[in-house]
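Predicted model, so just to flag it, every value in this text is computed and none were measured. In this chain, numbering begins with 1 at the start of the sequence shown.
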Amino acid sequence: MGIDEKKQSVLSYIMSCLLSGNYPANSAIATARELAEKFDLSRYHVQQALSELYRRNLIVCRKKGGITVVRQLFEREKRQIINFDSRTILIINHIPVNSPWKGVHLNDNFFAALLTPLKAAGYSVVWENLPVTDDDDGFNLGIEKIIRFYEPKAVIVIASGRNFYHFQEIYYLVHDNVFVFKRSGFLNARNLLRTFGIADCQDGTTAAEAAFSAGAARVIFCYRTSRYVLYWQQERRKGIQLYLQMHKGGPAFLDDFHFSGNIPSELLKPDTALIAHNDELAAQIIDAAKSAGYQAGKDYKIIGFGDDNRFRDYDLTTMQPDLPAIGKAMAEAVLNSCRSFGPVPFFSSLIPSVLVRRSTL
C-alpha cells in the first residue's frame, strides 16, 4: 500500500470514530505516534492526512492528549463521511433512452474514456435513468431518493436539453461532489456545478475559419423556425460572428436564415457558406437544395455540427464533438475529488470539437 492509500486509511479511521458517536467533545481518539505505528506512516504524513479535519475544527492535536475531538458533526458532515468511504460512483442519465441525439452527445468512445479509469481505480459504477418531467417536486424527490439509496462517492449527471439550472440545486443539497455533462452554456452564472461539455462558441469560430479558408465571401447561420433559439445555437452564432469581426478581409457578411422547408436560390451560390446549427438541419437543407437542382460542395458550401452517423451518406463537412476528451476530463476530475474529503471547487470545462472536412465544403 502506497503512502497516499495509507493516508486515506488514517483519514477514514478518524472519520469513522467521529461518525460512531463514541467520542464526545474533548475526548481523545489516539496520539499521532499511535496512528503512525498503526498505519505504518510518519507522524508528518499522519498530520497531512488529517489536515482537512483540522481546518474544519473537528479535531485538534494536543501535545499530551493526542488527536482530540473538538465538536460533534453536523448532518452534512456525517453524509460527507459516509460518501467518503463509498466505493460507488453513480451516473444519473436525464436523456431519454430513445432520444435520437443520444448517439451524437453520448457514444461508446465517451463512456470508454469516462468509465475505464474509474473502474481501474476500483470503483463500482452504477447507472440510473431518470428522464426529466414537468413535475419538478416529484423529479427532485426522485433525484434525492436515488442518491440517498446508493450513498455514492461522486455523482455524474448526464443532463438533458432542458435548462439544467431549474433542478440543479437539489444535487447540491444532497451531495457535494456532482459532475455534469451538458451541451453548453456553463459560463452562465446560474450553472453552479462542476460542468463539462462542448465549446459551442469556439466551434462556431472554427466553422467560420473553415468557410473562410474554402473561399466563402458570405456566411449564413441556419436554424429552424422556432419560438426559442437555444443557448447552444446562440453560442455557435456568437463564435461565427467573433471570427468575422476579428479577421478583416475574411467573409464580409453574416446573416441568419430560419429554415422551414424551402431555401431561396440566392443563398445557394459558390461564394456562400451555410453553417447549419446541427447535422440534421444541414441534411434537410441539402435535400431541399437538391430538389431545386443545387449540389452541395459545388453550387454552395455547407457545414453542420455533430458528426451524426444518421447523416453519414451526405458526406457532410461537420464539427465532431471530442467526446473521448470530455469523458477523460470528467474521469480525472471525479478521481481527484475522490482523493479528498469534502467538496471540490466549482469549475466549467468546455472541450472544442474537431472539424471533419468532407465534400460539402
- [ ] Determine, for Asp271 against Lys269, whether the closest basic-nitrogen to carboxylate-oxygen distance falls under 4.0 angstrom.
- [x] no

Task: Tyr54 OH: over 12 foreign heavy atoms closer than 6.0 Å - done: yes

Task: Pairwise distance CD1(Ile91) to CG(Leu115) - rounded to 0.5 angstrom - done: 5.0 Å

Open item on the list: Please check if the number of heavy atoms outside Arg33 that lie under 6.0 Å from its CZ is greater than 12.
Closed with: no

Open item on the list: Donor-acceptor pair, distance only, cut-off 3.5 Å: does the side chain of Thr68 make one with the backbone of Ala28?
Closed with: no

- [ ] Inspect the contact between Asp322 and Lys328 and indicate whether a charged nitrogen and a carboxylate oxygen are less than 4.0 angstrom apart.
- [x] no

Open item on the list: Looking at Gln8, is its backbone amide N or carbonyl O close enough to the side chain of Ser12 to form a donor-acceptor pair, meaning the two atoms are under 3.5 Å apart?
Closed with: yes

Open item on the list: Counting C-beta onward and ignoring hydrogens, is there a side-chain heavy-atom pair between Ile143 and Tyr171 closer than 4.5 Å?
Closed with: yes

Open item on the list: Side chains of Val155 and Tyr150, heavy atoms from C-beta outward: is any pair under 4.5 Å?
Closed with: no

TODO: Assess the side chains of Arg224 and His277: does a donor N or O sit below 3.5 Å from an acceptor N or O?
DONE: yes

Open item on the list: Working to the nearest 0.5 angstrom, can you tell me the gap between Asp200 CG and Thr205 OG1?
Closed with: 11.0 Å

Task: Check: Thr360 side chain, Thr317 main-chain N or O, donor-acceptor pair, under 3.5 Å - done: yes

Open item on the list: Among Ile263, Leu267, Ile275, Ile302, exactly one meets side chain to side chain contact (heavy atoms under 4.5 Å, CB included) together with Ile220. Which residue is that?
Closed with: Leu267

- [ ] Kindly check if the number of other-residue, nucleotide or ligand heavy atoms within 6.0 Å of CG (Asp313) is above 12?
- [x] no

- [ ] With rounding to the nearest 0.5 Å, note down the distance linking CZ in Arg237 to CD in Gln233.
- [x] 11.5 Å

TODO: Enter the distance from Leu350:CG to Gln202:CD here, rounded to the nearest 0.5 Å.
DONE: 9.0 Å

Open item on the list: Looking at Asp287, I'd like to know if its CG atom is crowded, meaning that more than 12 non-hydrogen atoms belonging to other residues, nucleotides or ligands lie closer than 6.0 Å.
Closed with: yes

Task: Any Val157 side-chain heavy atom under 4.5 Å of His94 side chain - done: yes

Task: Heavy-atom check, side chain of Pro264 versus side chain of Phe257, under 4.5 Å - done: yes

Open item on the list: Before you tell me yes or no, could you show the steps for Glu34 and Lys38 under salt bridge (Lys or Arg N to Asp or Glu O under 4.0 Å), namely the whole-Å CA-CA distance, both residues' side-chain angles and the distance that decides it to 0.1 Å?
Closed with: CA-CA 6 Å; Glu34 289 170 342; Lys38 180 180 179 69; over 6 Å; no

Task: pair Asn57-Val70: side-chain heavy atoms closer than 4.5 Å - done: yes

TODO: Among Leu118, Asn177, Asn93, find the residue that satisfies the side chain to side chain contact (heavy atoms under 4.5 Å, CB included) test when tested with Ile156.
DONE: Leu118

Open item on the list: Would you say that Cys338 contacts Tyr123 through its side chain, given a criterion of any heavy-atom pair below 4.5 Å between the two side chains?
Closed with: yes

Task: Heavy-atom side-chain proximity of Asp307 to Arg358 below 4.5 angstrom - done: yes

